[in-house]
Amino acid sequence: MKDTIKITDKGTTKMIAHRGASGLERENTLPAFIAAGNRSYFGAECDIHVTKDGKYVVYHDDETGRLCDKNVVIEETEFSTLRALKLKEPDSETFSETLKIPTPEEYLSVLSRYGKVAVIELKNAMKPANICEIIEICKQCYSLDRIVFISFCFDNLVEVRKILPKQPVQFLCGDWSDELEEKLSTHRFDLDIGWWSLNEERIRSLHDKGIKINCWTCDDAEKAEQLALWGVDFITTNILE
């Protein structure tokens, strides 16, 4: 039976299940979030898109073709059409009769049941009204102190902070840039960066400025243990635990 790969020395580093326990179940599905809930993960990450008719779905890609029986652009497609799509079974090209693209409410219901922190990526640039609605969904379904918002779009996080001045947010990026620390410090944002961009000196400097550090997506146990030794706050992973 397939299972996670256990890390022996995490120190104080907390593990985040990337798109749920996506090394075990189909990513960003309820089984993946339940699998994460049944394990020692601190939290589980998901991705939220806005649909054509102003509703919300949990899916990573901008288009559905990689995992679904029909390829459509999520932001150009109505919610009902997206919910009717069939997803591939884990490690298979067979389409499931039961797996569906989840809603944020369904995702949050699972995390609430298991008491896991919800790490929510706001996909692509969103209108302020959409961000406000997503926050309201979060308020209705879970406690905001158990939610972290992340995004590659800096303005999405600025908008979150306008509504929730103390809400934990993490700016997503891949590679390190020299202006990153000052930008994060000015806005009081934390960081979620590609793990390969970190070293002990950068981690220490970020922590000295009060910036928490998440890193994505590390599936190598030896590298994860090194990151933990350096003191990263979170590691986002598909399969490590």
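Taking the centre of each ring, Phe171 and Phe189 stay at or above the 6.0 Å mark. For an aromatic pair to be called close, the ring centres must be under 6.0 Å apart, and Trp176 with Trp196 fails this.
Side-chain polar atoms of Glu27 and Ser22 form no donor-acceptor pair below 3.5 angstrom. With no hydrogens or angles considered, a side-chain donor-acceptor pair links Glu181 and Ser205 at under 3.5 Å. Using modelled atom types and a 3.5 Å distance limit, the side chains of Lys6 and Thr4 yield a donor-acceptor pair. There is a side-chain donor-acceptor pair under 3.5 Å between Asn28 and Asp47. Side chains of Thr94 and Glu89: a donor-acceptor N/O pair is absent below 3.5 angstrom, by distance only. Judged purely by distance below 3.5 Å, without hydrogens or angles, the side chains of Ser40 and Glu241 pair a donor atom with an acceptor atom.
Under the 4.5 Å side-chain criterion, counting only non-hydrogen atoms from C-beta, Ile48 is not in contact with Glu121. Side-chain contact check for Asn156 versus Phe149: every heavy-atom pair is 4.5 Å or farther apart.
Electrostatic pairing of Lys123 and Glu63 does not count as a salt bridge here, judged by no charged N lying under 4.0 Å from a carboxylate O. Checked for salt-bridge contact, Lys55 and Glu133 miss the test: no charged N lies under 4.0 Å from a carboxylate O. Under a 4.0 Å N-O distance rule, the pair Glu201/Arg204 does not qualify as a salt bridge.
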Distance-only donor-acceptor hits, side chain of residues 226-235, under 3.5 Å, sequence neighbours excluded:
residue	atom	partner	partner atom	Å
Asp233	OD2	His207	NE2	2.8
Asp233	OD2	Ile213	N	2.7

Report the C-alpha separation of Asn238 and His18 in whole Å, then their side-chain angles, then the decisive distance to 0.1 Å, and conclude whether the side-chain hydrogen bond (donor to acceptor under 3.5 Å, both in side chains) test is met.
-> CA-CA 5 Å; Asn238 294 306; His18 185 232; 2.8 Å; yes
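Residues that satisfy the salt bridge (Lys or Arg N to Asp or Glu O under 4.0 Å) test with Glu93, not counting sequence neighbours, are Lys88.
For Lys127, the NZ atom sits in a loose shell: 12 or fewer heavy atoms of surrounding residues, nucleotides or ligands are nearer than 6.0 Å.
Put simply, the side chain of Asn38 gets close to the backbone of Ile34: a donor and an acceptor are under 3.5 Å apart.
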